[in-house]
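Below is one structure, written out as structure tokens; comments come after it.
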Amino acid sequence: MDDFFNAIRKEISIVKGDTLAFNFQLQGLNGVDPDEIALTCRDKPEDTDYNFKVYKGHGITRTSYNAEDDTLTYSVRVPPASTNIVAGRYYYDLEINVNGDVITLMSGRLNVEWDVTRG
């Protein structure tokens, strides 16, 4: 059987200054954590500076492992201070490094919308 992977293209919308939080799962790693996991947001993909970045141990946490189906579950949490950026459209990706491989799990546009309540 041939295995292949294509990154999930996903547009995410959040309100400026809100917490961005979601979970994702990995299978087939025999319970071993990836060496690195990072969610990065930039103005443009080619920029060297980023608007925010969370990574394993700092915003990305392993929450469980199911040995029966070899599934690792991770929680991603971007704090409100990190999303308190100018309303607009940005680029993001969620990437792992495992066994010498770099794999982008998700990528797309991050839409930061105006916060009406807090102004």
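As the structure is a computational prediction, the values presented were derived from the model and not from experiment.
- Thr104 OG1 to Arg9 CZ: the interatomic distance, rounded to the nearest 0.5 Å, is 10.5 Å.
- Considering CG of Leu39 and CD1 of Ile96, their distance stands at 13.5 Å, rounded to 0.5 Å.
- Note that the OG1 atom of Thr48 and the CD atom of Glu46 stand 10.0 Å from one another [nearest 0.5 Å].
- Between Ile37 and the choices Val98, Asn97, Thr61, Ile60, the side chain to side chain contact (heavy atoms under 4.5 Å, CB included) rule is met once, by Ile60.
- The OH atom of Tyr92 sits 7.5 Å away from atom NZ of Lys10, with the distance rounded to the nearest 0.5 Å.
- Closest heavy-atom contact between Gln27 and Thr71: NE2-OG1, 3.0 Å.
- Taking the centre and axis of the six-membered ring of Tyr91, the NZ or CZ atom of Arg109 falls inside the cone set by 45° and 6.0 Å.
- Between Asn23 and Tyr74, every side-chain heavy-atom pair lies at or beyond the 4.5 Å cut-off.
- For the pair Arg89 and Glu11, the salt-bridge criterion is met [side-chain N within less than 4.0 Å of a carboxylate O].
- Closest of all the heavy-atom pairs between Pro80 and Gly17 is CB-O, 3.0 Å.
- Counting all heavy atoms, side chain and backbone alike, Pro34 lies closest to Leu26 at CG-CD1, 3.7 Å.
- For Val15 against Trp114, the heavy-atom pair with the smallest separation is CG1-O, 3.7 Å.
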Open item on the list: Thr73 vs Tyr65, test: side chain to side chain contact (heavy atoms under 4.5 Å, CB included). Steps then yes/no.
Closed with: CA-CA 6 Å; Thr73 302; Tyr65 174 63; over 6 Å; no
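- Here the side chains of Arg62 and Ser64 are not in contact, with every heavy-atom distance at 4.5 Å or above.
- To the nearest 0.5 angstrom, Asp101 atom CG is 7.0 Å from Asn99 atom CG.
- Of all heavy-atom pairs spanning Val112 and Thr83, the tightest one is CG1-O, 4.2 Å.
- Separation of atoms CZ (Phe52) and OH (Tyr90) is listed at 9.5 Å; rounding is to 0.5 Å.
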